[in-house]
Amino acid sequence: MKKLAIALSILATLSTPAIAAGDAEAGKTKAIICSACHGVDGNSMIDMYPKIAGQQETYLKKQLHDLRQAAHTGGKEGRNEPLMSPMAAGLSDQDIEDLSAFYAAQSLTVTEVKDVPALGEQLYKGGDTVRGITACIACHGPNGKGSEAAGFPAIAGQHANYIKIQLTKFHDSTRNNDLNGMMQDVAKKLTSEDIEALAKYVASIK
């Protein structure tokens, strides 16, 4: 029985196509179609679409896998986004590896944000113990760089409008591919004023 198990294990390994590590150069070519929304180097000029330049490679891979899964399950699983899920539907695992490697290797461009409400910094750094709101700094760090090992994305310098849209989706649970529902738990306690302030503060972090 033990020998059979070993043999089956070897056979499975041999019959499963190997996925090579991400190739940024190959990803650059594949990313041409993505540039309309995300910019040539991942620095989107349209504030409803995220800047993905310099984002953690593992986080990018997770999002692309989740978006593809939503496309394949009619939105029942993964991350369902009307615009992005169809784009991810035809991606192979290797495409996802290559695209993630390319965008992770790019440099984020941060634009100046004016009139950042003090509430944004207060919530980001200290949360609100009375309302049970955890400080964003706990997961995303003082500089908004997140933690690749823990799966927390970099958010510093992101478009304020994109942050606002995503926080609202987490608040409404229309986006639910967050680890253990952590973002939904925090966002559902935020008011529209909180979300507006946080979005502007996050966008201002350099």
Side-chain angles (χ1 to χ4, degrees), residues 24 27-28 31-64 67 79 81-84 87 99-128 131 133-148 150-172 174-175 178 182-184 186-187 189-206:
K28 181 178 182 179
I32 291 174
I33 194 171
C34 311
S35 63
C37 295
H38 295 290
V40 175
D41 61 352
N43 283 290
S44 171
M45 298 297 289
I46 307 170
D47 67 10
M48 67 181 288
Y49 302 133
K51 296 178 185 179
I52 51 179
Q55 183 58 268
Q56 299 155 9
E57 190 170 346
T58 53
Y59 183 77
L60 289 170
K61 285 191 282 188
K62 172 180 165 45
Q63 298 310 307
L64 287 173
L67 289 161
R79 177 183 175 185
E81 291 283 352
L83 292 175
M84 264 306 299
M87 296 296 292
L99 285 166
S100 299
F102 169 69
Y103 284 117
Q106 305 311 300
S107 297
L108 176 71
T109 299
V110 180
T111 53
E112 192 69 30
V113 180
K114 298 180 180 179
D115 303 319
V116 180
L119 175 62
E121 183 174 8
Q122 176 188 321
L123 288 171
Y124 187 91
K125 294 181 177 180
D128 187 327
R131 291 188 286 158
I133 298 173
T134 304
C136 309
I137 197 173
C139 296
H140 296 288
N143 299 316
K145 293 182 178 180
S147 170
E148 185 156 18
F152 303 137
I155 56 175
Q158 186 57 264
H159 288 305
N161 190 39
Y162 179 75
I163 293 291
K164 179 181 177 180
I165 291 169
Q166 297 310 306
L167 284 175
T168 301
K169 287 185 175 184
F170 281 127
H171 177 278
D172 299 339
T174 53
R175 177 177 172 182
D178 48 324
M182 293 172 69
M183 277 304 304
Q184 294 175 79
V186 172
K189 300 170 186 174
L190 298 173
T191 65
S192 57
E193 182 186 4
D194 294 334
I195 290 174
E196 186 81 34
L198 268 172
K200 286 186 176 180
Y201 178 71
V202 167
S204 74
I205 301 175
K206 294 183 174 61

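For the numbers below, each heavy atom of this structure counts, side chains included, while hydrogens, waters and symmetry mates do not. Since the structure is predicted, the reported quantities are computational estimates derived from the model, not experimental observations.
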(request) Measure the CG-CG distance between Asp194 and Leu167 for me, rounded to the nearest 0.5 Å. (result) 10.0 Å
(message) List the residues meeting ring-ring contact (aromatic ring centres under 6.0 Å, His included) with Tyr103, not counting sequence neighbours, and say none if there are none.
(response) none
(message) Tell me whether Lys200 is salt-bridged to Glu121, with the criterion being a basic N under 4.0 Å from an acidic carboxylate O.
(response) no
(request) Side-chain contact test, heavy atoms from C-beta onward, threshold under 4.5 Å: evaluate it for Leu123 versus Tyr201 and give yes or no. (result) no
(message) Tell me if the NZ atom of Lys164 is crowded by more than 12 foreign heavy atoms within 6.0 Å.
(response) no
(request) Among residues two or more places apart or on two chains, list those pairs meeting side chain to side chain donor-acceptor pair (under 3.5 Å) that have a residue in residues 31-41. (result) Asp41-Asn43
(request) Rounded to the nearest 0.5 Å, what's the gap from CE on Met182 to OG1 on Thr134? Could you check? (result) 7.5 Å
(request) Scan residues 150-171 for pairs that pass ring-ring contact (aromatic ring centres under 6.0 Å, His included), counting only residues two or more places apart or in two chains. (result) none
(message) Lys51 and side chain to side chain contact (heavy atoms under 4.5 Å, CB included): which single residue from Gln158, Met45, Gln106 fits?
(response) Gln158
(request) Quick one: list whatever passes salt bridge (Lys or Arg N to Asp or Glu O under 4.0 Å) with Lys114, sequence neighbours left out. (result) none
(request) Using a 4.5 Å cut-off on heavy atoms from C-beta on, say whether the side chain of Pro153 contacts that of Gln55. (result) yes
(message) Return the CE to SG distance between Met87 and Cys34, rounded to the nearest 0.5 Å.
(response) 6.0 Å
(message) Suppose we screen for salt bridge (Lys or Arg N to Asp or Glu O under 4.0 Å). Which residues come up paired with Lys169, at least two apart in sequence or across chains?
(response) Glu81
(message) With a sphere of 6.0 Å drawn around NZ of Lys28, does it hold more than 12 non-hydrogen atoms of other residues, nucleotides or ligands?
(response) no
(message) Once rounded to the nearest 0.5 Å, what's the spacing between atom CG of Leu119 and atom CD1 of Ile195?
(response) 11.0 Å
(request) Locate the shortest heavy-atom distance separating Asn143 from Ala156; write the atom from each residue and the value. (result) O-CB, 3.2 Å
(message) Could you work out, with ring-ring contact (aromatic ring centres under 6.0 Å, His included) as the rule, every residue matching Tyr49, not counting sequence neighbours?
(response) none
(request) Kindly indicate, with the supporting measurements, whether the criterion side-chain contact (heavy atoms from CB on, under 4.5 Å) is fulfilled by Ile205 and His140. (result) CA-CA 11 Å; Ile205 301 175; His140 296 288; over 6 Å; no
(request) List the atom of Val110, the atom of Ala203, and the distance in Å for their closest heavy-atom pair. (result) CG1-O, 3.9 Å
(request) Supply the atom-to-atom distance Ile163 CD1 to Thr168 OG1, rounded to the nearest 0.5 angstrom. (result) 11.0 Å
(request) Report the C-alpha distance between Lys61 and Leu99 in whole Å, list the side-chain angles of each, state the deciding distance to 0.1 Å, and finish with yes or no for side-chain contact (heavy atoms from CB on, under 4.5 Å). (result) CA-CA 8 Å; Lys61 285 191 282 188; Leu99 285 166; over 6 Å; no
(message) If I take atom OG from residue Ser100 and atom CD from residue Gln56, how far apart are they, to the nearest 0.5 angstrom?
(response) 11.5 Å
(message) What verdict does the side-chain contact (heavy atoms from CB on, under 4.5 Å) test give for Gln166 and Asp178, after you've listed the backbone C-alpha separation in whole Å, the side-chain angles of each residue and the deciding distance to 0.1 Å?
(response) CA-CA 11 Å; Gln166 297 310 306; Asp178 48 324; over 6 Å; no
(message) So which atom in Ser107 and which in Ala53 form the shortest heavy-atom distance, rounded to 0.1 Å?
(response) O-CB, 3.6 Å
(message) Tell me the closest heavy-atom pair linking Ala135 and Gly127, and the distance in Å.
(response) CB-N, 3.5 Å
